[in-house]
Student: 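The structure under discussion is supplied below as structure tokens; questions concerning it will follow.
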Amino acid sequence: MNAASPHGNRVISGMRPTGRLHLGHYHGVLRSWLELQHEHECFFFVADWHALTTHYDDPSPIPGSIWDMVVDWLAAGINPGSATLFVQSRVPEHAELYLLLSMIAPLGWLERVPSYKDQQEKLKEKDLATYGFLGYPLLQSADILIYKGGQVPVGEDQVAHVELTREIARRFNHIYGREPGFEELAEQACKKMGKKNAKLFDKLRRKYRERGDQEAREVARALLEGQGNITVSDRERLFGYLEGGGRVILPEPRVLLTKASKMPGLDGQKMSKSYGNAIALRDDPTEVEHSLRTMPTDPQRVRRTDPGDPERCPVWRLHQIYSDEEVKSWVREGCRTAGIGCIDCKQPIIDAVLDELRPIQARVRELEQQPDLVRNLINDGCEAARNLARETMEEVRHAMSLVFP
Ligand code: TRP
Ligand code: SF4
């Protein structure tokens, strides 16, 4: 049984600073961030150390990319009032946790993470047979565990990294959470909640442990979370006691699979800067209009009078994102009967994309006028993140006997 997070809903997610964002980012990860920020406590960060694992040979574009990316997040609607925004390297505690976790991370676990071999295959021009690259999923584990993140919104390609994080957390708790006399300590901690709560907790714990009653587990967890007068260590003991393990120092996060971006690139392939088929959030409207107008359509619709089939056309996939039922049936009908031309068909998309970009670009322009505002906001975010990270490191050091008389 896994030991879930007492901060079960805290959301942690990072993005590598790859520069300006495009519509693929917007309709993929960013959309999910935008929703989550209203529902949960969120930490979103720029993973600049992660960028170094693959771009160590030329890091000079990274600072500019960090800046552009943060501005684009804000312009797209990420709200620093709801989410904590920061830069990974400004919270050096991530590196300390990464180091300490490296002591218990079996090499085989890292070698088996699929991205290790896949990326080496894909990025043949780079030498990725480095220690940093092998260790990067563990760095990601540290990113998550240092905030005791409960949920990690990631795409399909990152699921294995969150799985690794769960295994590392389990191993950590197993090794360092098994203090001598655990059961007695847990019993004592229980009493500190008061007679009534202690009795209730005991009842719920039995229900869960003896009969697998998940509801009892949830109620017990809520009860522990609501206890203001017990210490952090006692709470961890009781979480562990409930689950049947040792103390839960680093809780296991859950994967929150973000819907893959349905946004096709201008050539119908996945939108990506490296394929040269992307529309950046900051692209000039005339340029956007031009690239949409010249976007390929159903290859079998050569002349205006040839009937087409939307299923063969990348423009149709854009209609699925941007158009309502009425427009979509107009397209289906008009395309199959050659009643409309492709330029007619693209017009509603052009309008919709430009409408979507307009407010974002206006906010980019505003933000670019206020570099101090952006800077302050990042500074505040780094500080807030760092305070939490420090707390976790205190506990981790203690658990690993890094305390000096
Ligand atoms: N590795 C992720 C990527 O390449 C970015 C990342 C770093 C991340 N640390 C994270 C995502 C922690 C989620 C949680 O996209
Ligand atoms: Fe594609 Fe629209 Fe042209 Fe049909 S009419 S081929 S859906 S662009």
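Please read all numbers here as calculations on a predicted model, not as lab measurements. Throughout, residue positions are numbered sequentially from 1 according to the sequence presented. Every number for a ligand or one of its atoms is a count from 1 in the order of the listing.
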Student: Set out, in order, the CA-CA distance, both residues' side-chain angles and the distance that settles salt bridge (Lys or Arg N to Asp or Glu O under 4.0 Å) for Arg332 and Glu325, then state yes or no.
Tutor: CA-CA 10 Å; Arg332 271 193 298 262; Glu325 269 317 309; 3.7 Å; yes
Student: Would a 4.5 Å heavy-atom cut-off, applied to side chains only, mark Trp73 and Val46 as touching?
Tutor: yes
Student: Here's one to test your reading of the geometry: is the NZ or CZ of Arg16 within 45 degrees of the ring axis of Tyr136 and under 6.0 Å from its centre?
Tutor: yes
Student: Measuring only between side-chain heavy atoms, which start at C-beta, is Val11 closer than 4.5 Å to Trp33?
Tutor: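 A side-chain contact under 4.5 Å is absent here.
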Student: Enter the distance from Lys192:NZ to Arg235:CZ here, rounded to the nearest 0.5 Å.
Tutor: 12.5 Å
Student: Do Asp351 and Gln347 have side-chain N/O donor and acceptor atoms under 3.5 Å apart?
Tutor: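 Note: Asp351 and Gln347 side chains meet the donor-acceptor criterion.
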Student: Compile the protein residues with any heavy atom at a distance under 4.0 Å from an atom of ligand 2; present them by chain, then by number.
Tutor: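 Contacting ligand 2 under 4.0 Å are Thr297, Asp298, Arg301, Cys313, Val315, Val331, Cys335, Cys342, Cys345.
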Student: What are the distances between nitrogen or oxygen atoms of ligand 1 and protein nitrogen or oxygen atoms, counting only those under 3.5 Å?
Tutor:
{"residue": "ligand 1", "atom": "1 (N)", "partner": "Gln140", "partner atom": "OE1", "Å": "3.0"}
{"residue": "ligand 1", "atom": "1 (N)", "partner": "Gln158", "partner atom": "OE1", "Å": "3.0"}
{"residue": "ligand 1", "atom": "4 (O)", "partner": "Arg16", "partner atom": "NE", "Å": "3.0"}
{"residue": "ligand 1", "atom": "9 (N)", "partner": "Asp143", "partner atom": "OD2", "Å": "2.8"}

Student: Does atom CD of Glu121 have more than 12 heavy-atom neighbours, drawn from other residues, nucleotides or ligands, at distances under 6.0 Å?
Tutor: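 Check fails, neighbour count at 12 or below.
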Student: Are the side chains of Phe86 and Glu383 in touch, meaning some heavy atoms are under 4.5 Å apart?
Tutor: no
Student: Can you check whether Met193 reaches Leu224 side chain to side chain, under 4.5 Å on heavy atoms?
Tutor: yes
